[in-house]
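Since we're looking at a predicted model, the values are computed, not measured.
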Amino acid sequence: MSRTGVLVVMAAMLGLSGCGGGGGGGGGPSGPPADVQGIWTITETMGNNTCGEPVGAKDVYDVSVVQAPGASTFELTVLDAAGDPLDGPFIGSINGNTISWTGSFDEDGGTTTAQITGTVNGNSLSGSSNWSWTDGDDSCSGTTSFTGTR
């Protein structure tokens, strides 16, 4: 998996932090939480970074998302190629169709921390992450974008 990991996967839809609100007043939730339950295939694309990762490089992985009906939180686990848990679980939140979470995981002898935000539209999602990596001596950071289907 790439330096961004899941979540970012980190994917991917998840672990994201978004904010509601918008035009004049209110500022409350933007409707009932989207349904994100299920297995999602995430395609993550590396953005600008200071780690030497090639911009545009892609990583494809699956995540399992568990959400109680109508709940505004979910649990996301990154799966390996055999469908077994690899990273997580990460706890995310849902506000209308916006998902978000923040999580950290071990990677390449250090720790990657990612903040992920995305938008769910039925059985598809898209979003981005900001991430940083450190091993205590060296550090770097970057961005990714992702899409996913259920």
Side-chain angles (χ1 to χ4, degrees), residues 1-23 27-31 33-67 71-81 85-150:
M1 184 170 296
S2 70
R3 169 129 317 158
T4 60
V6 186
L7 1 135
V8 96
V9 151
M10 3 109 104
M13 46 202 264
L14 327 188
L16 317 156
S17 57
C19 51
S30 57
D35 170 17
V36 296
Q37 173 81 21
I39 303 294
W40 294 79
T41 298
I42 304 300
T43 300
E44 186 174 31
T45 304
M46 180 63 67
N48 292 329
N49 66 89
T50 61
C51 298
E53 300 280 345
V55 173
K58 296 192 183 299
D59 196 12
V60 178
Y61 52 90
D62 288 339
V63 297
S64 171
V65 179
V66 176
Q67 173 193 21
S72 61
T73 61
F74 60 86
E75 183 177 279
L76 175 127
T77 302
V78 179
L79 305 175
D80 66 15
L86 179 64
D87 282 315
F90 302 99
I91 304 300
S93 64
I94 311 166
N95 182 2
N97 68 343
T98 300
I99 57 171
S100 64
W101 79 91
T102 297
S104 296
F105 52 94
D106 295 335
E107 184 175 31
D108 295 338
T111 301
T112 296
T113 301
Q115 301 84 35
I116 301 148
T117 302
T119 302
V120 177
N121 185 6
N123 289 324
S124 65
L125 65 93
S126 61
S128 62
S129 73
N130 292 305
W131 54 269
S132 61
W133 175 89
T134 185
D135 66 1
D137 293 321
D138 296 316
S139 63
C140 59
S141 60
T143 63
T144 64
S145 60
F146 64 86
T147 59
T149 57
R150 172 169 51 178

Flag the pair [X] / [Y] as yes when at least one side-chain heavy-atom distance between them is below 4.5 Å, and no otherwise.
X: Asn49; Y: Trp131; result: yes
X: Arg150; Y: Val65; result: no
X: Thr149; Y: Asn123; result: no
X: Gln37; Y: Val66; result: yes

Is it the case that Thr41 and Asp62 place a side-chain donor and acceptor less than 3.5 Å from each other?
-> yes
Is there a donor in the side chain of Ser129 and an acceptor in the side chain of Thr144, or the other way round, less than 3.5 Å apart?
-> yes
To check you understand the geometry: which heavy-atom pair defines the closest contact between [X] and [Y], and what is its length?
X: Asp35; Y: Val120; answer: O-CG1, 4.3 Å
X: Val55; Y: Gly47; answer: CG2-O, 3.5 Å
X: Ser141; Y: Cys51; answer: N-SG, 3.8 Å
X: Ala71; Y: Ile94; answer: O-CD1, 4.0 Å
X: Thr111; Y: Asp106; answer: OG1-OD1, 4.0 Å
X: Gln67; Y: Ala34; answer: NE2-O, 3.0 Å

State the [atom1]-[atom2] distance between [X] and [Y], to the nearest 0.5 angstrom.
X: Asp135; Y: Asp138; atom1: CG; atom2: CG; result: 5.0 Å
X: Ile39; Y: Ile42; atom1: CD1; atom2: CD1; result: 10.5 Å
X: Phe74; Y: Ser93; atom1: CZ; atom2: OG; result: 6.5 Å
X: Thr113; Y: Trp133; atom1: OG1; atom2: CH2; result: 12.0 Å
X: Thr102; Y: Asn130; atom1: OG1; atom2: CG; result: 10.0 Å
X: Thr45; Y: Phe146; atom1: OG1; atom2: CZ; result: 11.0 Å

Is a donor on one side and an acceptor on the other found under 3.5 Å between the side chain of [X] and the backbone of [Y]?
X: Asn121; Y: Ser124; value: no
X: Ser145; Y: Ser128; value: no
X: Glu44; Y: Tyr61; value: no

